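Presented below is the structure to which this report refers.
Computed from a predicted model, the values in this text were never measured in an experiment.
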Amino acid sequence: MKKYPLTLLAVFVLSACGGGGDESNTDSGTDPATPPSSNYVSGNVVQSGSNGYLEYPTTDIGSGYYCADNSDKYFESASVIVYANSAVSDNDMMAVATNVQNNAEPAYNAMKFTELSLSDFKPEYSPQIASNLINYREYNNQSVSEYVYSGIYNQVEWHSFYEIADHYQSLSPKETLVANEYLIKFHDQDDSYFSKRSKKIVVCLSPGMGNSRFAEGTFHGINFAEPKADNRVLQSVYAKHELIHHVQMQHYRISSGGAILIYSLPRWLTEGQAIYLAGQSIAKRSEVSSTSIDDMNNALDLNLYYPEYGLAYSYIHLNNNIDAINSLYTKTASDLISFEEAFDSIGLKNHYGEVMTYSSFKANYQTWVANWN
Ligand SMILES: [Zn+2]
């Protein structure tokens, strides 16, 4: 019988520092800057305290904690909500909303989604609360036990939290919603922790970001520096890059103990995918001999190898189906299996069309890319 203490889950929170969706001041985008448009998307500025004001989310927000505590207005367009404090001009909020909204569909398409299909796929509640919700021991109610045993825990070794977490992660978005809504009834309905997320992309303009770190993709959307601090937040390529991180995180129906586990995946996957699919420059194939996958995986400076991440990802991307690649997020989300086990389980191929294991990919990457036409 497998039995793991729940406290093990806390270990993984620590690895969240340094962030899979972090952007630092690397020159990873050489595309010409898209000038800020003077034609903003339509929408409304809403002041905090006014009727119907939507509070900034409380979970899975990264550096968006700034907006959770300090934002006092937002601009809401058809698909974006940009939060800021009163020192930020309305025009800056509108310019950011315009940049994000205009790049959403292209970013989703690069990840093989449309705005509509992503909307169907997104979890409607925080992946953080799922880990609490599926812990049946919190419910002193017979109907919950019956529900979880015969419903979402069906065929599952239910006494193991890890088994349950893995099963939960395998549920379809609709099943996840049904499970959430049943179980949320046993909690305080007014607690924002249990509230449904916005369907829109939630952006925080944070004065805490800028200079060394200007952008971060999150489960809810994007955290950006204020435009006056860093003009890159108005450039298409960075909106697209962060939106790709945002889509990566939608594969997580559950997170362990407070962190979405994307932060523990190799950056050649998470950053490489965002760089490559956003159209940023990547290392040349002829330069592959200088950097191995181990070099990237073991780098102390997480920002050193952005172009190399892009090249490594491009090798996987151009020889495989992106749905299979994206299943790496889903499969590792519950932390039941390691990245290496997930990689080996999906049959990714090299450019010869041969199935490769993660260890063979790591061992042969430089040789294969050098011979790859
Ligand atoms: Zn990134």
Does the side chain of [X] pick up a donor-acceptor pair with the side chain of [Y] at under 3.5 Å?
X    : Y    : answer
S63  : R213 : yes
S360 : T357 : yes
S290 : E287 : no
Y168 : N180 : yes
Y74  : Q47  : no
S117 : T114 : yes

How close do [X] and [Y] get, heavy atom to heavy atom, and via which atoms?
X    : Y    : result
A324 : L348 : CB-CD2, 4.4 Å
N99  : V233 : ND2-O, 3.0 Å
A95  : L234 : CB-CD2, 3.7 Å
G272 : Y313 : C-CB, 3.5 Å
F219 : S126 : CE2-CA, 4.1 Å
F75  : A97  : CD2-CB, 3.5 Å

- Message: Suppose we call two aromatic rings close when their centres sit under 6.0 Å apart. Are F121 and H251 close by that rule?
- Response: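 Ring centres of H251 and F121 closer than 6.0 Å.
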
Within-4.5 Å side-chain heavy-atom neighbours: [X] and [Y]:
X    : Y    : value
H220 : I61  : yes
N364 : M356 : no
H317 : L277 : yes
L265 : L328 : no
N223 : S206 : no
F113 : N109 : no
S71  : N85  : no
V203 : I81  : no

- Message: Give me each pair satisfying salt bridge (charged side-chain N to carboxylate O under 4.0 Å, His left out) with a member in residues 197-209, each pair once, sequence neighbours excluded.
- Response: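 Applying salt bridge (charged side-chain N to carboxylate O under 4.0 Å, His left out) to every pair that reaches into residues 197-209, excluding sequence neighbours, yields E76-K200.
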
- Keeping to residues at least two apart or across chains, list the salt bridge (charged side-chain N to carboxylate O under 4.0 Å, His left out) pairs with something in residues 115-132.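 The answer is E124-K196.
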
- Task: Please assess K73 against V46 for the test side chain to side chain contact (heavy atoms under 4.5 Å, CB included), listing each intermediate value before the final yes or no.
- Result: CA-CA 6 Å; K73 62 177 179 179; V46 184; over 6 Å; no

Is it the case that one hydrophobic cluster holds both [X] and [Y], taking links as side-chain heavy atoms less than 4.5 Å apart, direct or via other members?
X    : Y    : value
Y352 : I325 : yes
Y365 : L269 : yes
I322 : V355 : no
I316 : Y276 : yes
L318 : I346 : yes

- Message: Against Y329, only a single residue in Q169, Q250, Q273 fulfils side chain to side chain donor-acceptor pair (under 3.5 Å); can you say which?
- Response: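 Among Q169, Q250, Q273, the one that satisfies the side chain to side chain donor-acceptor pair (under 3.5 Å) with Y329 is Q273.
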
- Message: Going by the rule ring-ring contact (aromatic ring centres under 6.0 Å, His included), which residues pair with Y66 if we only count those two or more places apart in sequence or in a different chain?
- Response: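 Y66: no ring-ring contact (aromatic ring centres under 6.0 Å, His included) contacts found.
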
- Task: Could you tell me whether R267 sits above the aromatic face of Y309, with NZ or CZ closer than 6.0 angstrom to the six-membered ring centre and within 45 degrees of the axis?
- Result: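 No cation-pi geometry.
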
- Task: Please identify each residue that fulfils side-chain contact (heavy atoms from CB on, under 4.5 Å) with A78, with sequence neighbours left out.
- Result: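 Partners of A78 under the side-chain contact (heavy atoms from CB on, under 4.5 Å) test: Q101.
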
- Can you name the residues that form a side-chain contact (heavy atoms from CB on, under 4.5 Å) with S42, not counting sequence neighbours?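 Here no residue qualifies.
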
- Message: Between F361 and F343, is the ring-ring contact (aromatic ring centres under 6.0 Å, His included) condition met? List the steps.
- Response: CA-CA 10 Å; F361 172 62; F343 188 105; 5.8 Å; yes

- Task: Given side chain to side chain contact (heavy atoms under 4.5 Å, CB included), test I222 with H245 step by step and report yes or no.
- Result: CA-CA 9 Å; I222 302 174; H245 286 314; over 6 Å; no

- Task: Give me the ring orientation class for Y315 and W372: parallel if the planes are under 30° apart, tilted from 30 to 60°, perpendicular past 60°.
- Result: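 The rings of Y315 and W372 stand perpendicular, inter-plane angle above 60°.
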
- Item | Parallel, tilted or perpendicular, as decided by the 30° and 60° cut-offs, for the rings of Y83 and Y53 |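 Because their plane-to-plane angle is over 60°, the rings of Y53 and Y83 count as perpendicular.
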
- Item | Intermediate values then yes/no, side chain to side chain contact (heavy atoms under 4.5 Å, CB included), I262 and Y252 | CA-CA 9 Å; I262 198 166; Y252 292 72; 3.4 Å; yes

- Task: Under the salt bridge (Lys or Arg N to Asp or Glu O under 4.0 Å) rule, collect the residues that match up with K362, sequence neighbours excluded.
- Result: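 Checked K362 against salt bridge (Lys or Arg N to Asp or Glu O under 4.0 Å); zero matches.
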
- Y358 atom OH, over 12 foreign heavy atoms within 6.0 Å: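 Atom OH in Y358 is crowded, with more than 12 foreign heavy atoms closer than 6.0 Å.
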
- Message: Once rounded to the nearest 0.5 Å, what's the spacing between atom CD1 of I275 and atom OG of S314?
- Response: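 Here the rounded value is 11.0 Å.
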
- Just how far is it from atom CG of L205 to atom CE of M209, taken to the nearest 0.5 Å?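 If we round to the nearest 0.5 Å, L205:CG and M209:CE are 10.5 Å apart.
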
- Message: Would Y305 and W268 count as a side chain to side chain contact (heavy atoms under 4.5 Å, CB included) here? Give the steps.
- Response: CA-CA 8 Å; Y305 289 123; W268 61 258; over 6 Å; no

